[in-house]
> 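Quick one: the structure is below, questions incoming.
Residue indices begin at 1 and follow the sequence shown. Not measured: the values here are computed from a predicted model. Reckoned from all heavy atoms, side chains included, excluding hydrogens, waters and symmetry mates.
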Amino acid sequence: MIKALTIDLWETLIEDVNSSEKLRDEKRAEFIIKHLHLNENAKEKIMNFFTDLTDAFKHPNSENAWSILPETQVKKLLKDYLHIEASESEIRQIVEFYVSVILEEPPILTEKIVPKVLMELSKKYTLMMISNTGRTPGSILLNILEMYGIRDYFKYFIFSDEVMARKPDPRIFAFAQNQLGMDKKEIVHIGDSVNLDFLGATQFGFNAVLYAKGRDEVPVSPYIKSFEELEGLLNEKFSRD
């Protein structure tokens, strides 16, 4: 019997449109250049760093564990890409802007129906969010959830920057199971990434559903292409009886 749903955040509940992250990165770059009085030529190096950072998010491993925390991201940028030293005060001010700029260019819901679906699911299951974080920590992402009125539907939140483990690392799913206090087979994980979400969850022992919005070919099953399909699929594939 399914008792809990663990749900991914990025590209599952919220998503960027119109190159929002690139716009944020440009603002981050401009802030760093101005704050540290750098030459405008530094912008290309900073944007190259963000390209490498995004690749680290897509392919997490022990060698790019520096990418988990925004503070270590900024320190790596300064040391390895800009080859400069900054004071702790300067780093702190950069990090504060770096993590909060998302509130100026916020993501949007993947589907307008998301709040309604979460409301209905929360009446039947314990909901937990399991999210890898990137440039923005979980503490700031909670403000985005509040903005869309969906924060209160979740009983628990696990963000990679807070537990220092990133999906598909089994440790993050173990954190989830321990907090829920349930058997693995009583939990279904829902997310958009085949590797990070679907395989990460199933290899740990959770059930999983792939969120495959907008995809013509889907390599795994079960999956949904809209949250309108989720409750029916849960009833069909994972009976509560």
Side-chain angles (χ1 to χ4, degrees), residues 6-16 21-22 24-25 28-29 31-32 36 42 45-102 107 128-142 144 156-180 184 189 191-206 208:
T6 61
I7 306 177
D8 174 51
L9 178 59
W10 284 102
E11 311 305 327
T12 301
L13 299 179
I14 60 173
E15 63 183 353
D16 278 329
E21 190 69 282
K22 184 178 179 181
R24 292 183 210 120
D25 282 345
R28 292 180 177 108
F31 181 88
I32 292 168
L36 298 179
K45 295 179 182 178
I46 297 173
M47 297 308 289
N48 286 340
F49 165 77
F50 285 131
T51 298
D52 293 344
L53 180 63
T54 298
D55 186 65
F57 296 154
K58 293 179 180 178
H59 305 95
N61 57 58
S62 57
E63 293 182 358
N64 61 36
W66 57 266
S67 67
I68 293 178
L69 296 177
E71 182 176 354
T72 55
Q73 295 168 25
V74 169
K75 289 181 176 179
K76 185 173 182 66
L77 165 61
L78 298 179
K79 179 183 177 181
D80 296 346
Y81 287 74
L82 297 176
H83 307 293
I84 61 175
E85 293 186 5
S87 68
E88 286 300 316
S89 175
E90 288 172 326
I91 292 173
R92 184 171 60 254
Q93 290 176 51
I94 290 171
V95 171
E96 286 176 359
F97 182 86
Y98 188 97
V99 303
S100 61
V101 70
I102 192 172
M128 167 185 277
M129 181 171 290
I130 304 180
S131 175
N132 285 359
T133 57
R135 299 154 175 81
T136 310
S139 59
I140 300 293
L141 292 173
L142 289 174
I144 303 295
Y156 303 107
F157 299 90
I158 294 182
F159 295 108
S160 61
D161 68 294
E162 296 175 358
V163 299
M164 294 302 294
R166 190 191 298 275
K167 292 177 294 181
D169 189 323
R171 289 178 297 167
I172 200 166
F173 295 105
F175 277 120
Q177 184 191 7
N178 290 338
Q179 196 160 22
L180 289 167
K184 293 179 181 180
H189 180 70
D192 71 291
S193 171
V194 173
N195 179 41
L196 306 184
D197 292 301
F198 193 92
L199 296 180
T202 55
Q203 287 171 3
F204 180 72
F206 285 3

> With sequence neighbours excluded, what pairs up with Glu21 under the side chain to side chain donor-acceptor pair (under 3.5 Å) test?
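Only Arg24, Arg28 meet the side chain to side chain donor-acceptor pair (under 3.5 Å) criterion with Glu21.
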> Taking Asp197 for its side chain and His189 for its backbone only, find out whether a donor-acceptor pair lies under 3.5 Å.
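The answer is no, because no donor-acceptor pair under 3.5 Å joins these two groups.
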> Under the side chain to side chain donor-acceptor pair (under 3.5 Å) test, which residues partner Ser62, sequence neighbours left out?
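For Ser62 there are no side chain to side chain donor-acceptor pair (under 3.5 Å) partners, ignoring immediate neighbours.
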> To the nearest 0.5 angstrom, please state how far the NZ atom of Lys45 sits from the NE2 atom of His83.
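These two atoms lie 6.0 Å from each other.
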> Is it true that Asp16 and Lys22 have a side-chain N and a carboxylate O under 4.0 angstrom from each other?
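No.
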> Taking atom CG of Leu69 and atom NZ of Lys76, what is their separation to the nearest 0.5 Å?
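Rounded to the nearest 0.5 Å, the CG-NZ separation comes out at 14.0 Å.
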> Do you know the tightest heavy-atom contact between Phe57 and Thr133?
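For Phe57 versus Thr133, the nearest heavy atoms are CE2-O, 4.4 Å.
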> Between Glu71 and Lys75, does any side-chain N to carboxylate O distance fall below 4.0 Å?
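Counted as a salt bridge, because a side-chain N and a carboxylate O are separated by less than 4.0 Å.
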> Using modelled atom types only, decide if a donor and an acceptor are shared between the side chain of Lys167 and the backbone of Ile130 within a distance under 3.5 Å.
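Checked: pair present.
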> To the nearest 0.5 Å, what is the distance between CD1 on Ile68 and CZ on Phe159?
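The distance works out to 15.0 Å.
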> When rounded to the nearest 0.5 angstrom, what distance separates CZ in Phe97 from CD1 in Ile32?
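So the CZ of Phe97 and the CD1 of Ile32 are separated by 9.0 Å.
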> Ignoring hydrogens, what is the shortest heavy-atom contact between Gln73 and Ser67? Give both atom names and the distance.
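Smallest interatomic distance, heavy atoms only, reads NE2-O, 2.7 Å.
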> For the residue pair Pro168 and Asn195, what are the closest heavy atoms and their distance?
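Pro168 and Asn195 have their closest heavy atoms at CB-O, 3.7 Å.
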> For the side chain of Thr72 and the backbone of Trp66, is there at least one donor-acceptor N/O pair under 3.5 Å apart?
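Here the side-chain-to-backbone pair exists.
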> Set out, in order, the CA-CA distance, both residues' side-chain angles and the distance that settles side-chain contact (heavy atoms from CB on, under 4.5 Å) for Leu36 and Ile94, then state yes or no.
CA-CA 9 Å; Leu36 298 179; Ile94 290 171; 3.9 Å; yes
> Could you check if a side-chain atom of Asp55 sits within less than 4.5 angstrom of a side-chain atom of Asn64, using non-hydrogen atoms only?
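In short, these two side chains do not touch, never coming nearer than 4.5 Å.
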> Could you pull out all residues at least two apart from Ser131 that satisfy side chain to side chain donor-acceptor pair (under 3.5 Å)?
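Counting only residues at least two positions away or on another chain, Ser131 forms no side chain to side chain donor-acceptor pair (under 3.5 Å).
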